[in-house]
Number of protein chains: 2
Amino acid sequence: MWLPYVFTYLKMNESDPRATRSRTALLNAGVETLLQNSNATLTEIAQVAGVGRATLYRHFQTREQLIIELAAESLMATDQACAHIRSKEMKGREAIEAIFTSVMPLADRFHFLLSLWSYVETNETLKTTYHAQLSQLKARIKEAKLDSSIDESLPEEWLVCLMDNLLYTGWYCIATGSLSASEASKLAIRSFFDGMGVKTNNHSRDDESVFP
Amino acid sequence: MWLPYVFTYLKMNESDPRATRSRTALLNAGVETLLQNSNATLTEIAQVAGVGRATLYRHFQTREQLIIELAAESLMATDQACAHIRSKEMKGREAIEAIFTSVMPLADRFHFLLSLWSYVETNETLKTTYHAQLSQLKARIKEAKLDSSIDESLPEEWLVCLMDNLLYTGWYCIATGSLSASEASKLAIRSFFDGMGVKTNNHSRDDESVFP
DNA sequence: CTTTTATGAGACGTTATTGTATCTTAGGTT
DNA sequence: AACCTAAGATACAATAACGTCTCATAAAAG
């Protein structure tokens, strides 16, 4: 499992099952609590985790370090969700559809990451990882333009931001319970390539309507 | 001009030019400062406004009241930007295109409103206004489905959230300087109805590409 | 069974921000 | 010119949250 090499703070033996249990509980509680309220206190996070506040401070030196590590885990989760896209060397539209399909079940983590971006911006390791992901995404967009899946006149920044926000839209609809992750990813793919108009020609891979 | 009837707190004569000047400066500084950092302090807001902190407290009883009033102004701004759509009784796709065109120059206010939603949720007047706007938007979407501009199988919640996020995408690109409000609204309209694929048929009103 | 170590509870100090109050000054009205 | 009133500076009190420290307990290791 990914080791938090981004910083070296460590007060105890991480292989002790009590320490592993506490740390995992804190990270999970951190995402859950901070997604609901980005100003949630450390006391609230510890309570949700079911551990003492002093224990939280044994695992994370400061509030900022907890958040940085939560952001690192979210980045790593989305990165690992896309690992098969790299290993299979998917390109263009195929890769973009796979990104939507793979990341949408993690849309909560993705949204969480964006909501705490001001913390992430100060951490060089996280910025490096994020920018590596962004470069790969831009390469896939460029390929989709070459294979005529995307109109090549469209600005790259708009396309990247649109993909981010389609993931957000999916997260929102999943969170409110109106869509499953699968439905949301299909709608995101359709929104991205075909828009919300009535379908008039058959260049979409998934031809049948998302809803009967 | 819209009077903040949502609450009756008022310590001084609002028609005094000094009071009007201070209040306007505080509201503008409030949006600017809180957009950058939703946790900005009242001291920071007063400094950006160029008024004393005590003056801020003469105009707004608490931090929360300032924010509620900022949200009210943002709601009113977007509502007034769409007034001509109502007065001309625009429907369906025409109305939706006009919404994008009218609101996009106010995308910063719109984004600001969404970022402070947790405050708004506690204010009945703001919620009422927002839900009235939402009902009108849903009516326009329903009309667009009837005039075959939107695939009627698509879920309403997705469509509404997508429009919100297209405005956010526009705001982001305007804020980073890569697009003008006009360019952004055209891209939002195209993204919404046609998606990012290569154009293969001519059902869009604005047929020429956004970019040559 | 003994030793080691992670943890929980609680006390404490520090800091930042909010909110209140007062006095003096200067802008606006009559 | 006189009067009224909005504002700026500053001091003060209260509160919330962060971060540190200590002691006793219990879980894990040997």
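A 4.5 Å side-chain heavy-atom check between B:M163 and B:I96 finds at least one atom pair inside the cut-off.
Using a 4.0 Å cut-off, no side-chain N or O of B:T55 falls inside it from OP1 or OP2 of D:dA6. For the pair A:H59 and C:dT7, the criterion of a side-chain N or O lying under 4.0 Å from OP1 or OP2 is met. Contact annotation: A:R21 side-chain N/O to D:dA28 OP1/OP2 distance is under 4.0 Å.
Between the CD1 atom of B:I45 and the P atom of C:dA16 there is a distance of 18 Å, given to the nearest Å. We find that CD of B:Q61 is positioned 11 Å from P of C:dA21, with the value rounded to whole Å. Between A:Q65 atom CD and D:dG19 atom C1' the separation is 12 Å, expressed in whole Å. For the pair A:L66 CG and D:dC18 C1', the interatomic distance rounds to 13 Å; values are reported in whole Å. The distance from atom CZ of B:R53 to atom P of C:dA16 is 14 Å, rounded to the nearest whole Å. When rounded to the nearest whole Å, the span between CG of A:L42 and C1' of D:dC18 equals 7 Å. In this entry the distance linking CZ of B:F60 with C1' of C:dT18 reads 16 Å, nearest Å. Per the geometry, OH belonging to A:Y57 stands 18 Å off C1' belonging to C:dA6, to the nearest Å.
In this structure, the nucleotide among C:dA6, D:dC18, C:dG19 sitting nearest to the side chain of A:D16 is C:dA6. Of the candidates C:dC23, C:dA6, D:dC18, C:dC23 carries the atom nearest the B:R58 side chain, counting heavy atoms from C-beta on. Side chain of B:P17, nearest nucleotide from C:dT29, C:dG19, D:dA28: C:dT29. Distances were taken from every side-chain heavy atom of A:T43 (C-beta onward) to each of C:dG8, D:dC18, D:dA11; the shortest belongs to D:dC18. Closest to the A:A54 side chain, of the nucleotides C:dG19, C:dT29, C:dG10, is C:dG10.
Between the side chain of B:R18 and the base of C:dG28, no donor-acceptor pair of N or O atoms lies under 3.5 Å. No hydrogens or angles were tested; on distance alone, nothing pairs the side chain of A:R63 with the base of D:dG19 as donor and acceptor under 3.5 Å.
Smallest separation of non-hydrogen atoms from B:Q65 and B:F60: OE1-C, 4.2 Å.
Comparing A:S22 and B:T41, the nucleotide of DNA chain C nearest to each residue sits closer to the 5' end for A:S22.
Of the charged side-chain nitrogens involved, none lies within less than 4.0 Å of a carboxylate oxygen, so that B:K186 and B:E183 do not count as a salt-bridged pair.
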One pair to check against side-chain contact (heavy atoms from CB on, under 4.5 Å): B:R109 and B:E73. What are the steps and the verdict? CA-CA 9 Å; B:R109 293 289 178 133; B:E73 285 227 347; 4.2 Å; yes

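The aromatic rings of A:W171 and A:Y168 lie tilted to each other, with the angle between the two planes from 30° to 60°.
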